[in-house]
Amino acid sequence: MAAPHPFRASVRWLPMSAAVLLVACSAASPTSPATPAGSPSASAPPLGVVSPSVSVSVAPSPVPTAAPASVEPSEEPEPTPEPTPVPTPVPSDLAACGDGQAALLDHRSEVPADLHFGGATLEFTTAGISLRNGSYGADDAIPGGLGLDRDEIAVRVDPGTHIILRGTGLTLRDLTAGSHSWAAVDFSGGLAAFRDDPVGLDWRLRADGSISVSAPLAPGDYAVELFPRWQSACLEGDGTAYGRIKVNG
C-alpha cells in the first residue's frame, strides 16, 4: 500500500475562538506571488503572532498535467448555471486593500470554502495565502486527502468531456490536476489515500475566470485531485480539492 498523499499547507478560517495557525511572510515586491504550500511538519503560532523565522516550502505531490496553451472561450455550455466570478481589480486598486496582518484578516471572507466542479460542490482547503499587494502572507499544514469521502457524489460524463471548475467571486489562475482509480482509494486510515500514481488531466483557462478540466478518455470510476491557484479582490492563494468522476462506457 502506498503512503498517504503528502501533507499540504492550508489556511482554514474558523470562528475567532478556534485555533488558527498563521505564519507571516513578507514579499520582496507588491507583485510577488503567494507563498508555496507548507511542509508536512510545519507549524505556526496562534493567530496574531508573527513568526518570520518559520519557513515552509514543500509542494504537493507531482502530478503530470498539461500546461494551458491558451485561454479557452467562455461560450462552452455549463453543466449547471453558476454566478459569474467577480472581476478582480486592476493593480492601482490594490492600495485600498490595506497592508499587513490586519488587512489580511479584514479580507478573510474572500477565502473560498468550496469550489464547483460540474454539478458537484467540492470542499476546498486553502493552502498558502497572501494579500495581492505582497505585504503579508500566512499558511498552515494539513494532511492530503482531506475532503474526499467514501460516498463522494460523482460527476457522470462521457469520455473526454470538459468539466468546469469555478469558484464564487474568484478568478482561477492555474491548476494541477490528476486522476486515480476509485478502486485504489483507501479510506481505512480515516483520510483518503491513493494506492496508485496520479494520471494527469488536461485543462484550459477560460476567459470568465474558471477552468475547463478534461475527463479521462477511458470509461471508469475515478477520484480526482485538484490543486488550483486562485485570486480574489484583495487575496491570492492555492489549495486542494478532491472529487469523483464516473466516465460512461
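Side-chain atoms are counted along with the backbone in the values below, which use heavy atoms only and exclude waters and symmetry mates.
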Pairwise side-chain contact, [X] with [Y], heavy-atom cut-off 4.5 Å (strictly under):
| X | Y | answer |
| --- | --- | --- |
| Lys246 | Tyr222 | no |
| Asp99 | Tyr136 | no |
| Leu146 | Leu191 | yes |
| Leu175 | Val213 | yes |
| His116 | Thr168 | yes |

Practice task
Tell me, with the steps shown, if Arg206 and Ile211 meet side chain to side chain contact (heavy atoms under 4.5 Å, CB included).
Solution key: CA-CA 5 Å; Arg206 287 164 43 97; Ile211 291 179; over 6 Å; no

Practice task
Check for a donor-acceptor pair, side chain of Ser179 on one end and backbone N or O of Ala223 on the other, with a separation under 3.5 Å.
Solution key: no

Problem - Side-chain donor or acceptor of Asn133 paired with backbone N/O of Gly98 under 3.5 Å - result: yes

Closest heavy-atom contact between [X] and [Y]?
| X | Y | answer |
| --- | --- | --- |
| Cys97 | Ala103 | O-CB, 3.5 Å |
| Ser232 | Leu170 | CB-CD2, 3.9 Å |
| Asp196 | Ser181 | OD2-N, 3.1 Å |
| Asp158 | Ala215 | O-CB, 4.3 Å |
| Gly128 | Thr126 | O-CG2, 4.2 Å |
| Ala233 | Leu94 | O-CD2, 3.8 Å |

Nearest 0.5 Å, please: how far is [atom2] in [Y] from [atom1] in [X]?
| X | Y | atom1 | atom2 | result |
| --- | --- | --- | --- | --- |
| Ile164 | Ser212 | CD1 | OG | 4.5 Å |
| Glu110 | Glu236 | CD | CD | 11.5 Å |
| Arg244 | Asp149 | CZ | CG | 11.0 Å |
| Ile163 | Ser214 | CD1 | OG | 8.5 Å |
| Leu122 | Ile153 | CG | CD1 | 10.0 Å |
| Tyr242 | Leu148 | OH | CG | 8.0 Å |

Practice task
Is it possible for you to say whether Phe187 and Phe194 belong to one hydrophobic cluster, with membership spreading through side-chain heavy-atom contacts below 4.5 Å?
Solution key: yes

Exercise for the section: Only one of Leu165, Leu172, Asp174 passes side chain to side chain contact (heavy atoms under 4.5 Å, CB included) with Trp203; say which it is. Expected result: Asp174

Practice task
Among Ile129, Thr171, Leu115, find the one that has a side chain to side chain contact (heavy atoms under 4.5 Å, CB included) with Trp230.
Solution key: Ile129

Practice task
For His180 and Val224, run side chain to side chain contact (heavy atoms under 4.5 Å, CB included): C-alpha distance rounded to whole Å, both residues' side-chain angles, the deciding distance at 0.1 Å, then the answer.
Solution key: CA-CA 6 Å; His180 299 265; Val224 180; over 6 Å; no

